[in-house]
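Shown next, in structure tokens, is the structure this report addresses.
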Amino acid sequence: MSSDLRYPIGEFSPSQAISPAERSYWIDQLRALPGQVRDAVSGLSEEQLDNPYRPDGWTVRQVVHHLADSHMNALLRVKLALTEDEPVIKPYEEALWAELPDSVNPAPEVSLKMLDGIHARMALLFKSLKEDDWHRSYVHPVNGKTRLDRHLGLYAWHGRHHLAHITSLVRRMDW
């Protein structure tokens, strides 16, 4: 664990050559994430859910809703990459999405239910890919081309990254 509250598990840095074993490990991480997040927020009060994980950061509640928003977009990007030739994806303003009423007000369970389905679908889809499929990619207007094997690793990391935001806050606050 890093002492940097923004990146408690460090930044994403995959190896150049991503192995089938790494992909399998990442798929398992995706599959496990909804339950881990549910466990991390279980029993937290409304006041605790509305605590930011760092100064000027999102609240625990916003982090959970952000995960659903982000991973919903992640699933769509995979499907686009598998059905189109290097599609240009539409980015979104995640900081602005986090301020919308559906990210600020609802109970985390609303988005945890979404994560259950999204992650089940992603794991099923990723498990079904053939070796050549992992080389398919999409193009982000700012970040450039992303292959599906790197995309899988990025979102496995992204889930652990935000889970660590929640769990490290709970430890620091001794809730």
Side-chain angles (χ1 to χ4, degrees), residues 7-42 44 58 60-94 97-98 100 102-103 106-167:
Y7 294 99
I9 64 168
E11 295 189 51
F12 178 61
S13 60
S15 58
Q16 290 296 345
I18 297 170
S19 71
E22 283 176 292
R23 294 191 306 244
S24 182
Y25 178 66
W26 289 336
I27 292 168
D28 289 343
Q29 288 180 332
L30 281 179
R31 191 179 286 120
L33 182 73
Q36 293 169 329
V37 175
R38 186 174 274 109
D39 289 346
V41 301
S42 177
L44 295 183
W58 291 335
V60 171
R61 185 184 312 270
Q62 286 172 300
V63 169
V64 174
H65 296 308
H66 163 72
L67 279 167
D69 289 341
S70 178
H71 291 209
M72 172 177 55
N73 276 285
L75 175 59
L76 294 174
R77 291 171 181 180
V78 172
K79 293 171 87 65
L80 287 168
L82 290 170
T83 59
E84 298 177 22
D85 187 30
E86 294 188 356
V88 176
I89 57 101
K90 171 121 177 48
Y92 68 102
E93 297 293 334
E94 65 182 32
W97 283 35
L100 292 172
D102 70 321
S103 294
E109 189 60 28
V110 171
S111 285
L112 288 168
K113 287 177 183 176
M114 288 177 64
L115 279 174
D116 286 335
I118 291 166
H119 280 239
R121 296 273 306 268
M122 274 203 291
L124 179 69
L125 189 54
F126 281 132
K127 277 283 195 197
S128 75
L129 297 186
K130 297 183 179 14
E131 193 59 36
D132 286 350
D133 294 331
W134 291 107
H135 301 280
R136 296 188 64 85
S137 59
Y138 59 83
V139 179
H140 187 287
V142 175
N143 302 329
K145 188 189 295 191
T146 300
R147 283 179 21 164
L148 288 184
D149 53 2
R150 186 176 190 288
H151 177 86
L152 167 60
L154 175 63
Y155 282 91
W157 169 86
H158 184 257
R160 291 190 329 275
H161 163 74
H162 284 303
L163 176 62
H165 284 147
I166 297 167
T167 58

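Note that this is a predicted model, so its numbers are computed, not measured.
Two residues are said to be in side-chain contact when any heavy atoms from C-beta on lie closer than 4.5 Å; Val63 and Val37 fail this criterion. Counting heavy atoms from C-beta on, the side chains of Ser24 and Lys127 come closer than 4.5 Å. Inter-residue side-chain proximity for Ile89 and Tyr138 is flagged as met; some heavy-atom pair is nearer than 4.5 Å. Counting heavy atoms from C-beta on, the side chains of Leu82 and Lys79 never come closer than 4.5 Å. Within the 4.5 Å cutoff, the side chain of Ser128 has heavy atoms near those of the Leu125 side chain. Between Leu152 and Ile18, every side-chain heavy-atom pair lies at or beyond the 4.5 Å cut-off.
A salt bridge does not link Asp133 to Lys130: none of the charged side-chain nitrogens sits closer than 4.0 Å to a carboxylate oxygen.
Atom CZ of Arg31 and atom CD of Gln36 lie 12.5 Å apart (nearest 0.5 Å). Here NE2 of His119 is found 5.0 Å from CG of Leu33. Values are rounded to the nearest 0.5 Å. Between the CE atom in Met72 and the CZ atom in Arg77 there is a gap of 10.5 Å [rounded to 0.5 Å]. The CG atom of Asp85 sits 12.5 Å away from atom CG of Leu80, with the distance rounded to the nearest 0.5 Å. Residue Arg23 holds its CZ atom at 13.5 Å from CG of Asp28, rounded to the nearest 0.5 Å. Going from atom CD of Glu22 over to atom CD of Gln29 covers 10.5 Å, rounded to the nearest 0.5 Å.
Between Leu154 and Phe12, the shortest heavy-atom contact is N-CZ, 3.3 Å. Considering all non-hydrogen atoms of both residues, Asp69 and Ser103 come closest at OD2-OG, 3.7 Å. Across all non-hydrogen atoms, the minimal contact from Ala74 to Met122 is CB-SD, 4.3 Å. Summarising the geometry of Thr167 relative to Ala40, their closest heavy-atom pair is CG2-CB, 3.9 Å, with the distance given to 0.1 Å. Here the shortest heavy-atom pairing between Trp58 and Glu94 reads CZ2-O, 3.9 Å. For the residue pair Ser111 and His65, the shortest heavy atom distance occurs at OG-ND1, 2.6 Å.
Heavy atoms from other residues, nucleotides or ligands lying under 6.0 Å from CG of Asn143 number more than 12. Within a 6.0 Å radius of OH in Tyr92, other residues, nucleotides and ligands contribute more than 12 heavy atoms. Counting non-hydrogen atoms of other residues, nucleotides and ligands closer than 6.0 Å to CD of Glu131 gives a total above 12.
Relative ring orientation between Tyr7 and Trp157 is described as parallel, the plane-to-plane angle staying below 30° on a 0-90° scale split at 30° and 60°.
For Arg121, there are no side chain to side chain donor-acceptor pair (under 3.5 Å) partners, not counting sequence neighbours. In this structure, Arg136 has no salt bridge (Lys or Arg N to Asp or Glu O under 4.0 Å) partners at least two apart in sequence or on a different chain.
Arg61 contributes a side-chain N or O that, together with a main-chain N or O of Pro106, makes up a donor-acceptor pair within less than 3.5 Å. With hydrogens and angles ignored, the 3.5 Å screen pairs no side-chain donor or acceptor of Ser70 with any backbone N or O of His66. Formation of a donor-acceptor pair under 3.5 Å by the Thr146 side chain with backbone atoms of His151 is not found in this model.
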Val78/Phe126 under side chain to side chain contact (heavy atoms under 4.5 Å, CB included): CA gap, chis, key distance, verdict:
CA-CA 9 Å; Val78 172; Phe126 281 132; 3.6 Å; yes
Steps toward side chain to side chain contact (heavy atoms under 4.5 Å, CB included) verdict (Val64, Ile166):
CA-CA 9 Å; Val64 174; Ile166 297 167; 4.0 Å; yes
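Looking only at atom types and distance, the side chain of His158 has no donor-acceptor partner in the side chain of His161 under 3.5 Å away.
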